Structure formats: structure tokens, C-alpha cells
Amino acid sequence: MDAGLAAVLGALAGSVATIGAALATGWSAREQAKMGARAEHLRQRRDARQAVYEEFIGAAQAHSDLTKLLLAPAPEDFDDLERLRILPPGMDLAAVINESKSLHENVTKISTRVQLAGPKEVSAAAALVDEKSRDVYAVLGVMRVPVSYPGARSLSEQWRDGCMRFVDFSSAMDDFSESARIALDNDGTKN
């Protein structure tokens, strides 16, 4: 082989190696940029989810704090509500019912945002909390007026039903918190 051809082939080999190294460096830089962008996207998504999850837990907890009175011993009649000091200070049953309605509506409003934030497991858990919050409000709502028609459930029967619904509500809140924690712990490597 003559010296000129060897020089050309050497230069060509050097050029191919340089181009290959440049392509590999470019590909590597692009992949690193994609990974960085993905990590930033996941961080922003996680932060947004955490904020709405915290707001939802706060709203559900406020409703729970008001309605935990359903865990008190079942009153036999409406006078027992006063005598046993079951109701929060300064509130009668009508005020508790109205406040429960307002707090439940807030749970529903924030539940919609949680369901949009996802993921599916957390959305389902939020929907269940919303449903159980409604059940607690509904059982309080039927206690508003003493009933005296044949076959009507007594206040103590309604109260015991309310206690069971409150326990279901509390359990749903615990399940939501666990689902939210798992979702927030997901670093994007789990599907």
C-alpha cells in the first residue's frame, strides 16, 4: 500500500471515530436531558398531588372531627343529646347537621380534584371517602325531627346506624391516606 493511501485511510478512520464519538456523546446528552426532564416532571406532579391530598385529608378530617359525636353512647331521645352533652358546645342538632352538610360539600369539591390528580387507586379511595362522608351526613340529616309514626326507627337505632357509618368513614379515610402515601412514594420506576 502506498503512503498516500495509508494517510487517506488513517484520516478516514480518524474521522469515523470522531463522528462516532460525537454521535455517542450527543445521544448520551439527549438521554440525560430526557431523564432530567422526566425527573422534574415527576417532582412537579408529586408536589401537586401532595398538596391536593393534604387538602383532601384536612377536609375529611374536619368532617370526621365534627361527626365523631356519633361514637357517643346512643341517646334514647332528643333530651339525651343535651343531658349527655353529646353535641359540641354551643351547637344543637340542627347546627351540627348544617355544619356536616357544609363540610361534606367541601370533601366532595376537593375529591373531584384528587380524582383528577390520580392515580387510579387514589382516585378510587377518594371517591369512597366522599361516599362515606355523604353517608354520615345523610344519617345525621334523618335525625333532624323526632318521628312518631308506626315502624319509625328510634333515635337510638338511627344513632347506632350513624356510628357504623362513621366507622366506615374513618376506615375509608385511613385507606385513602395509605393509597396517597404509596402514590407519593412512587419514584416513577414502578408502574
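Just so we're clear, the structure is a prediction, and the values are computed from it rather than from any experiment.
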Between the side chain of [X] and the main-chain N/O of [Y], is any donor-acceptor distance below 3.5 Å?
X: S177; Y: M173; answer: yes
X: S102; Y: N98; answer: no
X: S156; Y: E76; answer: no
X: S64; Y: A60; answer: no
X: R49; Y: A117; answer: yes
X: S179; Y: D175; answer: yes

Just wondering, do [Y] and [X] contact through their side chains at under 4.5 Å, heavy atoms?
X: D130; Y: H104; value: yes
X: V107; Y: L103; value: no
X: I182; Y: E121; value: no
X: L66; Y: P88; value: yes

Enter the distance from [X]:[atom1] to [Y]:[atom2] here, rounded to the nearest 0.5 Å.
X: S123; Y: F176; atom1: OG; atom2: CZ; answer: 8.5 Å
X: R165; Y: D168; atom1: CZ; atom2: CG; answer: 8.5 Å
X: M164; Y: L70; atom1: CE; atom2: CG; answer: 12.0 Å
X: L69; Y: L140; atom1: CG; atom2: CG; answer: 6.5 Å

Taking all non-hydrogen atoms of both residues into account, name the closest pair between [X] and [Y] and its distance.
X: G141; Y: I97; answer: CA-CG2, 4.1 Å
X: V139; Y: Q158; answer: CG2-O, 3.8 Å
X: I86; Y: P73; answer: CD1-O, 3.7 Å

> Are V96 and W159 connected, step by step, through hydrophobic side chains (Ile, Leu, Val, Met, Phe, Trp, Tyr) whose heavy atoms are closer than 4.5 Å?
Replying inline: yes
> Taking a hydrophobic cluster as the set of Ile, Leu, Val, Met, Phe, Trp and Tyr residues connected by side-chain heavy atoms closer than 4.5 Å, whether directly or through intermediates, do L128 and F169 fall within one such cluster?
Replying inline: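 L128 and F169: separate clusters.
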> Between L71 and F166, is a side chain to side chain contact (heavy atoms under 4.5 Å, CB included) present by the stated rule, with each step listed?
Replying inline: CA-CA 8 Å; L71 295 176; F166 178 84; 3.6 Å; yes
